[in-house]
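In what follows, a single structure is set out as structure tokens and then discussed.
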Amino acid sequence: MARAAAARLVTAVADAQAARGHASVVLTGGRNGNGLLAALAESPARDAVDWARLDLWWGDERYLPAGDPERNVTQARRALLDAVPVDPTRVHAMPASDGPHGDDVEAAAAAYAQELALAAGDGAAVPEFDVLMLGVGPDTHVASLFPGLPGVRETERTVVAVREAPKPPPVRVSLTLPAIRAARQVWLLAAGEDKAEAASTVLGGGVDPADAPAAGVHGRESTLWLLDAAAASKL
Ligand SMILES: O=C1O[C@H](COP(=O)(O)O)[C@@H](O)[C@H](O)[C@H]1O
């Protein structure tokens, strides 16, 4: 799944760059997201991407000090970004807990929302993401929108602070459903037996996104589930 998704990402980014001169991708953390990045790092096809004309954003972040090994951006750097010629000014990491906002995760979320709006221009709230990837948690969470927590019900803001996440660390920053739904393509990544129940619940239909956040996401042009056989075993 990681290799297939990495190949698909190269094509999507190269197509966007050919059509518009640049591309914008939202990365996900977690096992599946990092697996995709590692597969891309190993693939000769990575040279088809013009890394200097690619903006990278994150769907969520664990609110920890910069460089913490549990931060999604740290893991993405190790898996791929340290090995490719990205433009550092286009790598839009979410704020860290030892940054200007300190313990104020709400201020950190607001700052990322402002960064998104500035990049978007023209009064839009978020840039035109070409591809937005989301790892699907075994509990159906996507980004850091967890079942039963208020973030998944947000309808106005593009970025929210998350407290008391059931998966450590408890304090996080996350894009919201409206921000996610603004992307051209939304890809949901699910590999492994522990994702089978979540995939079956969401793809079975009829669930409330407040209970199963993955059920609330879609792209403007396409919504794609990328599953391996184990994750698809209960469909
Ligand atoms: O904590 C997180 O978990 C989800 C899912 O991760 P996985 O390891 O179960 O694939 C991930 O999408 C999110 O970015 C991350 O912060």
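Sequential numbering from 1 along the given sequence is applied to the chain's residues. Atoms within each ligand, like the ligands themselves, are counted from 1 in listed order.
A donor-acceptor contact closer than 3.5 angstrom is absent between the side chains of D50 and Q17. When only modelled atom types and interatomic distance are considered, H22 and D55 share no side-chain donor-acceptor pair under 3.5 Å.
Within the listing of ligand 1, atoms 11 (C), 12 (O), 14 (O) sit less than 4.0 angstrom from a heavy atom of T28. For ligand 1 and D60, the ligand atoms under 4.0 Å from any heavy atom of the residue are 13 (C), 14 (O), 15 (C), 16 (O). For ligand 1, the atoms lying closer than 4.0 Å to a non-hydrogen atom of G135 are 12 (O).
Between Y112 and W57, the ring planes lie perpendicular to each other; the angle is over 60°, past the 30° to 60° tilted range.
A donor-acceptor contact shorter than 3.5 Å links the side chain of W51 to the backbone of R46. Between the S174 side chain and the A143 main chain, no donor and acceptor come within less than 3.5 Å of each other.
In this structure, E61 does not count as a contact residue of ligand 1, since none of its heavy atoms falls inside 4.0 Å of the ligand. Ligand 1 lies nowhere less than 4.0 angstrom from a heavy atom belonging to L134.
A 6.0 Å sphere centred on CD of E221 holds more than 12 heavy atoms belonging to other residues, nucleotides or ligands.
At least one N or O atom of G29 sits closer than 3.5 Å to an N or O atom of ligand 1.
Checking R71, K167, R31 against atom 3 (O) of ligand 1, the nearest heavy atom belongs to K167.
At a heavy-atom cutoff of 4.0 Å, ligand 1 is contacted by the side chain of N72 but not by its backbone.
Of the protein's non-hydrogen atoms, K195 NZ, 2.9 Å is the one closest to atom 9 (O) of ligand 1. Nearest protein heavy-atom contact of atom 5 (C) of ligand 1 is H141 NE2, 3.7 Å.
With respect to R20 and D130, a salt bridge is recorded, a charged nitrogen being found less than 4.0 Å from a carboxylate O.
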